[in-house]
K.L.:
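Below is a structure I'd like to ask you about.
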Amino acid sequence: QVQLVESGGGLVQSGDSLRLSCAASGRSLSAYTMGWFRQAAGGEREFVAATNWSIGWTKYADSLKGRFTISRDNAKSTVYLQMSSLKPEDTAVYYCAALLRSRVVSTARNYDYWGQGTQVTVSS
């Protein structure tokens, strides 16, 4: 199986930047699509961004495009989420996920593996 460990969350002020990391391990990682999702307290899990290891294509939630950037370091098997101009409404637990089969990448239930999540809190 694939193991995913998020890190980099914390408490920041409105307007700050923060970079989250997702360290991946397991077999055949290059075959997976990698995604970031977030879930606010009492809310549903929503799509943030996705990429893949080989080509590096990217997909973003329309509401976040321009502020958030997904990237990856293949040598470190790590996916990053660079968040800029953070707002209080960005407060959520951020999850890293891996998708093996061809599916709609913005749909959470399609993903095969999930990390434990990392809390991001943005104060105003």
Side-chain angles (χ1 to χ4, degrees):
Q1 61 179 329
V2 173
Q3 295 81 43
L4 305 171
V5 180
E6 303 95 333
S7 62
L11 175 63
V12 297
Q13 298 181 48
S14 180
D16 284 355
S17 296
L18 193 65
R19 188 178 75 164
L20 305 182
S21 298
C22 172
S25 61
R27 290 166 289 184
S28 301
L29 289 179
S30 62
Y32 288 84
T33 293
M34 304 299 297
W36 283 99
F37 291 79
R38 69 183 186 182
Q39 188 166 19
E44 297 183 353
R45 191 167 299 181
E46 64 174 349
F47 174 72
V48 174
T51 190
N52 78 321
W53 300 103
S54 58
I55 300 174
W57 56 259
T58 58
K59 179 178 174 61
Y60 297 92
D62 290 341
S63 61
L64 301 176
K65 188 175 183 179
R67 291 198 299 121
F68 288 16
T69 301
I70 188 170
S71 62
R72 82 277 193 245
D73 185 333
N74 289 10
K76 296 181 178 180
S77 297
T78 300
V79 178
Y80 303 97
L81 182 68
Q82 179 67 48
M83 304 182 292
S84 301
S85 301
L86 285 165
K87 307 172 182 178
E89 52 262 44
D90 294 320
T91 296
V93 176
Y94 284 72
Y95 296 93
C96 179
L99 169 65
L100 177 60
R101 299 178 180 178
S102 180
R103 296 288 189 275
V104 177
V105 300
S106 59
T107 302
R109 64 177 179 269
N110 288 340
Y111 283 73
D112 300 285
Y113 300 99
W114 293 86
Q116 83 288 350
T118 185
Q119 176 71 48
V120 173
T121 302
V122 184
S123 63
S124 60

K.L.:
Quick check: closest heavy atoms across Arg45 and Ala108, and the distance to 0.1 Å?
P.N.:
CD-CB, 4.3 Å

K.L.:
Backbone N or O of Arg103 within a donor-acceptor pair of the Asn110 side chain at under 3.5 Å?
P.N.:
no

K.L.:
Hey, mind stepping through Leu86 and Gln13 against side chain to side chain contact (heavy atoms under 4.5 Å, CB included) and telling me if it holds?
P.N.:
CA-CA 8 Å; Leu86 285 165; Gln13 298 181 48; over 6 Å; no

K.L.:
Rounded at 0.5 Å granularity, tell me how far OG in Ser25 sits from CD in Gln1.
P.N.:
9.0 Å

K.L.:
Going by heavy atoms in the side chains, are Leu81 and Val79 under 4.5 Å from each other?
P.N.:
no

K.L.:
Side chains of Trp57 and Asn52: is there a donor and an acceptor less than 3.5 Å apart?
P.N.:
yes

K.L.:
Quick one: which of Val122, Asp90, Val120 gives a side-chain contact (heavy atoms from CB on, under 4.5 Å) with Met83?
P.N.:
Val120

K.L.:
Rounded to the nearest 0.5 Å, what separation is found between the CZ atom of Arg67 and the CD atom of Gln82?
P.N.:
12.0 Å

K.L.:
Is the shortest side-chain heavy-atom distance between Glu46 and Glu44 below 4.5 Å?
P.N.:
no

K.L.:
Would you say the side chain of Leu99 lies within less than 4.5 Å of the side chain of Asp112, judging by non-hydrogen atoms?
P.N.:
yes

K.L.:
So, for Ser21 and Thr78, which heavy atoms are closest and what is the spacing to 0.1 Å?
P.N.:
CB-CG2, 4.1 Å

K.L.:
Output every pair passing disulfide bond (SG atoms under 2.5 Å apart) with a member in residues 24-80, not counting sequence neighbours, ordered by first then second residue.
P.N.:
none

K.L.:
Using side-chain contact (heavy atoms from CB on, under 4.5 Å) as the criterion, point out the one residue from Thr69, Val48, Thr51 that pairs with Tyr60.
P.N.:
Thr69

K.L.:
At their closest point, which heavy atom of Met34 faces which heavy atom of Ala98, and how far apart are they?
P.N.:
SD-CB, 3.8 Å

K.L.:
Are Leu18 and Ile70 co-members of a hydrophobic cluster defined by side-chain heavy atoms under 4.5 Å apart?
P.N.:
yes

K.L.:
Could you tell me whether the side chain of Ser85 and the main chain of Ser17 form a donor-acceptor pair under 3.5 Å?
P.N.:
no

K.L.:
Which distance, rounded to the nearest 0.5 Å, do you find between the CZ of Arg19 and the OG of Ser71?
P.N.:
7.0 Å

K.L.:
Report yes if the side chains of Ser14 and Pro88 come closer than 4.5 Å at any heavy-atom pair, otherwise no.
P.N.:
yes

K.L.:
Got a second to check how far Arg38's CZ is from Thr118's OG1, nearest 0.5 Å?
P.N.:
14.0 Å

K.L.:
Who are the ring pair (Phe, Tyr, Trp, His ring centres under 6.0 Å) partners of Phe37, not counting sequence neighbours?
P.N.:
Phe47, Tyr111, Trp114

K.L.:
Report yes or no: does Asn74 contribute a side-chain atom to a donor-acceptor pair with the main-chain N or O of Trp53 at less than 3.5 Å?
P.N.:
yes

K.L.:
Is Tyr113 linked to Tyr94 within one hydrophobic cluster, defined over Ile, Leu, Val, Met, Phe, Trp and Tyr using a side-chain heavy-atom separation of less than 4.5 Å?
P.N.:
yes

K.L.:
Does any non-hydrogen side-chain atom of Lys59 lie less than 4.5 Å from one of Ser106?
P.N.:
yes

K.L.:
Could you pull out every donor-acceptor pair under 3.5 Å between side chains of residues 4-11 and any protein atom, sequence neighbours left out?
P.N.:
| unit_1 | atom_1 | unit_2 | atom_2 | d |
| --- | --- | --- | --- | --- |
| Glu6 | OE1 | Gln116 | N | 2.9 |
| Glu6 | OE1 | Gly117 | N | 2.9 |
| Glu6 | OE2 | Cys96 | N | 2.6 |
| Glu6 | OE2 | Gly117 | N | 3.3 |

K.L.:
Test Trp36 against Phe68 for side chain to side chain contact (heavy atoms under 4.5 Å, CB included), laying out the working first.
P.N.:
CA-CA 11 Å; Trp36 283 99; Phe68 288 16; over 6 Å; no

